[in-house]
Amino acid sequence: MSEFMVTIIRGELSEQVAATSTTTAGDLVGDGKTVVVARINGLVKDLSTMLHAGDVVEPVLVTSDEGLAVLRHSTTHLMAQAIQDINPQARLGIGPPIKDGFYYDFDVEKPFTPEDLATVEKRMGEILKQGQRFQRRVVSEAEARAELKHEPYKLELIGLKGGNVDSDVMEVGGAELTIYDNVDGRTGDVVWGDLCRGPHVPNTRFINANAFKLMRSAAAYWRGSEKNPMLQRVYGTAWASKDDLKHYLTMLEEAERRDHRRLGAELDLFSFPDELGSGLAVFHPKGGIIRRTMEDYSRVRHEDAGYEFVYTPHITKSNLFEASGHLGFYKDAMFPPMRLDEERDADGNIKRQGVDYYLKPMNCPYHNLIFRSRGRSYRELPLRLFEFGSVYRYEKSGVVHGLTRVRGMTQDDAHIYCTRDQMQGELKNLLGFVLDLLRDYGLDDFYLELSTRNDEKFVGSDEDWAQATAALEEAALSSGLDLVPDPGGAAFYGPKISVQARDAIGRTWQMSTIQVDFQMPQRMELEYTAADGSHQRPIMIHRALFGSVERFFGVLLEHYAGALPAWLSPVQVVGIPITSEHVEYLRDVAGKLQGLRIRAEVDASDDRMQKKIRNAQAQKVPFMLIAGDDDVAKGAVSFRYRNGEQRNGVPIPEAIAEIAEAVRNRT
RNA sequence: GCCUCCUUAGCUCAGUGGUAGAGCACCCGCCUUGUAAGCGGAAGGUCCUCGGUUCAAUCCCGAGAGGGGGCUCCA
């Protein structure tokens with residue numbers, strides 16, 4: 001048997017080793033259950049892959065992103081096998097790994113119940129123990145069709161192969177059609193199989209029985225189209241170790257604990273009364289303080305940055321949105337019209353034509369009316385119009401979600417009208433301004449997304465799109481942040497940058513958007529007089545920083561887990577007397593703080609002092625000022641901070657200065 | 001919009017084919033306290049709404065509303 005050399009790469013190191021035609025990747029780089037697949041010449045392959053002269057082989061650890069994806073992919077096979085064991089009638093859809101887990105879609109008579117999932121999990125554990133090998137087998141299309149004649153969805157996927165099938169489809173995304181057989185470790189019998197491009201872990205024992213969990217089931221359209229049948233999707237998660245799973249589940253609990261809908265109720269910030277309808281929030285006094293503080297700060301910053309404030313009504317005749325093009329493109333997402341002034345005769349014939357009024361879904365057309373209310377000079381540009389503008393959108397019932405997806409919201413919306421020459425500089429400044437301001441609210445981990453033209457849904461010339469896209473890209477690159485392309489993600493009228501922020505537990509949220517628009521100025525015939533006396537069309541930049549105030553509010557609440565920085569806290573200081581004798585003393589301190597516009601209260605209730613601390617703690621008040629005889633004697637107060645730390649006997653002027661300083665610094 | 005689950009006191013949730021309960025919160029007393037729950041009492045419900053089955057429905061069935069989880073969508 002002839003020997004040849006292959007290269008093994010482990011991190012920075014590489015070495016040459018001898019191999020033969022029967023050497024597998026696993027023989028060279030396998031390492032217990034820590035290595036699940038190998039990267040061979042750049043492609044991830046099964047460990048059972050035979051090597052050839054000159055191959056470059058690299059182990060892929062189960063703890064790496066790629067390794068975890070393979071583990072999850074194999075786990076979803078295990079789940080599908082278990083489900084077909086239990087219910088042979090279940091037909092298979094697709095089953096890919098996803099972020100933190102996996103899913104598999106099934107066509108079944110009845111949706112899965114939580115009890116079903118428990119049964120499936122148990123069966124998975126049994127299969128796992130059998131140590132079934134995942135064995136790759138190349139098949140011809142005819143063979144695949146014959147074997148999978150009972151799996152209509154798989155057959156459909158085979159039909160797609162070679163067409164414009166997305167390479168994400170695990171089943172047929174490879175260069176050839178393959179089936180993975182699950183082979184019983186002892187008997188060698190093939191007990192299950194699935195059309196799949198792989199790769200997989202060598203055998204089911206690589207899946208840690210204590211490190212996977214079926215999470216939930218939900219319906220999903222076959223191949224993501226609402227025209228297709230609904231399948232039942234089972235979501236699961238799988239990790240390299242029990243600890244990793246535990247860590248993930250803890251993170252989920254943490255996310256649940258931070259849920260802004262829960263915090264909104266617990267902290268008495270806002271609610272969604274049924275009487276108003278889905279997706280319409282009311283802000284309670286405490287939520288109102290937070291919101292107003294957010295808005296006030298934004299106002300000041302915008303004023304300093306050269307924005308002018310405008311106000312526009314919440315409804316309009318249809319003309320405006322016909323002119324802007326919204327009724328053409330987005331009518332479905334608008335509330336239906338109110339028809340006014342229509343008169344009919346006894347036979348129901350129209351005597352007098354009515355007028356349709358619409359609720360405002362976007363502010364821009366109104367701002368355009370302000371722009372063109374008189375002649376504009378180039379000397380006025382860039383003209384920056386800002387409004388906290390309330391808009392209403394008829395979001396489909398299934399998508400409404402807390403404050404992050406609502407039907408009535410307030411955008412911190414501005415439109416910047418500028419010349420073509422000014423566009424580049426304006427975008428660059430704007431992005432800097434936006435990031436700066438977001439940081440002031442406590443978000444500091446960003447990346448950018450550049451959404452470019454959807455070739456099937458756009459208006460405007462190629463040149464305009466190219467110029468705007470280039471300008472946005474340059475502004476984005478100059479920020480130094482990561483820039484992720486989002487091809488086809490732009491609105492019909494122009495490309496956009498969106499700022500994505502990572503919150504305290506690593507989730508990302510789309511925040512600000514900056515959008516270039518050549519179209520609307522044209523549709524609404526905006527003009528300015530240039531230096532040479534000619535009439536020119538301005539370029540319009542749409543930008544929202546919070547996106548919507550409601551959404552930003554929700555994100556901040558989750559980011560801080562309700563413990564907002566002092567400047568945003570609805571109650572900044574609670575005075576807690578040791579006995580009722582100390583109430584007046586604390587009222588005096590609170591009065592001094594209130595004189596500095598600090599939101600200070602004294603808890604003079606009949607509760608015991610421990611209970612008052614508990615209450616203030618539950619309300620996440622940043623500063624608790626406690627006073628008893630000892631403090632009174634010294635003209636001092638004792639701090640208890642939100643994190644449980646305390647600092648006793650602080651002289652009153654010093655305590656006031658500390659609190660005032662924290663609020664001023666927005667910490 | 002589609003699939004699925006849920007809806008009982010202000011909140012969190014028990015419970016039953018014969019019109020209902022707990023804890024917390026609220027209100028009233030007592031207690032006067034040193035860093036996360038003192039004690040007692042009172043009050044509080046159209047068991048989401050509308051239909052149907054039944055001698056009888058909060059409970060079973062159907063429709064609707066609101067909410068959750070997904071899918072699709074997100075100017």
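Per chain, numbering begins at 1; letters A, B, ... match sequence-line order. Computed over heavy atoms, backbone and side chain alike; hydrogens, waters and symmetry mates excluded. As the structure is a prediction and not an experimental result, all values here were calculated from the model.
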Inset, instruction - Using heavy atoms and a sub-4.0 Å distance, could you list which residues of residues 554-564 of chain A are near RNA chain B? By number, please. - result: none
Legend entry - N-O pairing of A/Arg453 and A/Asp462 below 4.0 Å: yes
Pick out the pairs of N or O atoms, protein on one side and nucleotides 61-69 of chain B on the other, that lie under 3.5 Å.
residue, atom, partner, partner atom, Å
B/G66, O2', A/Asp274, OD1, 2.9
B/G67, OP1, A/Ser278, OG, 3.2
B/G67, OP2, A/Ser278, OG, 2.9
B/G68, OP1, A/Arg261, NH1, 3.0
B/G69, OP1, A/Arg261, NH2, 3.2
B/G69, OP2, A/His401, ND1, 3.4
B/G69, O2', A/Arg216, NE, 2.9

Inset, instruction - Decide yes or no, distance alone: a donor-acceptor N/O pair under 3.5 angstrom between the base of B/G34 and the side-chain of A/Asp631. - result: yes
Inset, instruction - Determine the interplanar angle of the A/Trp222 and A/Tyr153 rings, folded into 0 to 90°, and report it as parallel if under 30°, tilted if 30 to 60°, perpendicular if over 60°. - result: perpendicular
Legend entry - Presence of donor-acceptor pair under 3.5 Å, side chain of A/Arg405 and base of B/C73: yes
Return the polar atom pairs (N/O with N/O) between nucleotides 38-49 of chain B and the protein under 3.5 Å, or none.
residue, atom, partner, partner atom, Å
B/G38, O4', A/Arg608, NH1, 2.7

Inset, instruction - Scan residues 634-646 of chain A against RNA chain B and write down, sorted by residue number, each residue with any heavy atom closer than 4.0 Å; if none is found, say none. - result: A/Ser638, A/Arg640, A/Gln646
Legend entry - Stem list, RNA chain B (Watson-Crick or G-U pairing under 3.5 Å, at least 3 consecutive pairs): B:1-7 with B:65-71, B:10-13 with B:21-24, B:27-30 with B:38-41, B:48-52 with B:60-64
Inset, instruction - Just call it for A/Phe112: base, sugar-phosphate, or nothing, with non-hydrogen atoms closer than 4.0 Å on any strand. - result: nothing
Legend entry - Ring-ring centroid check A/Tyr417 A/Phe371, cutoff 6.0 Å: yes
Inset, instruction - May I ask you to decide if the ring planes of A/Tyr330 and A/His326 are parallel, tilted or perpendicular, using 30° and 60° as cut-offs? - result: tilted
For residues 385-393 of chain A, dump all side-chain donor-acceptor pairs below 3.5 Å to protein atoms at least two apart in sequence or in another chain.
residue, atom, partner, partner atom, Å
A/Glu387, OE1, A/Thr312, OG1, 3.0
A/Glu387, OE1, A/His367, NE2, 2.8
A/Glu387, OE2, A/Thr312, N, 2.8
A/Glu387, OE2, A/Thr312, OG1, 3.1
A/Ser390, OG, A/Thr410, OG1, 3.4
A/Arg393, NE, A/Pro361, O, 3.0
A/Arg393, NH2, A/Pro361, O, 3.1

Inset, instruction - Look at A/Tyr221 and B/U4 and indicate whether a side-chain polar atom (N or O) is within less than 4.0 Å of OP1 or OP2. - result: no
Inset, instruction - Please state the C1' separation for the pair B/G1 and B/C11 - nearest whole angstrom. - result: 33 Å
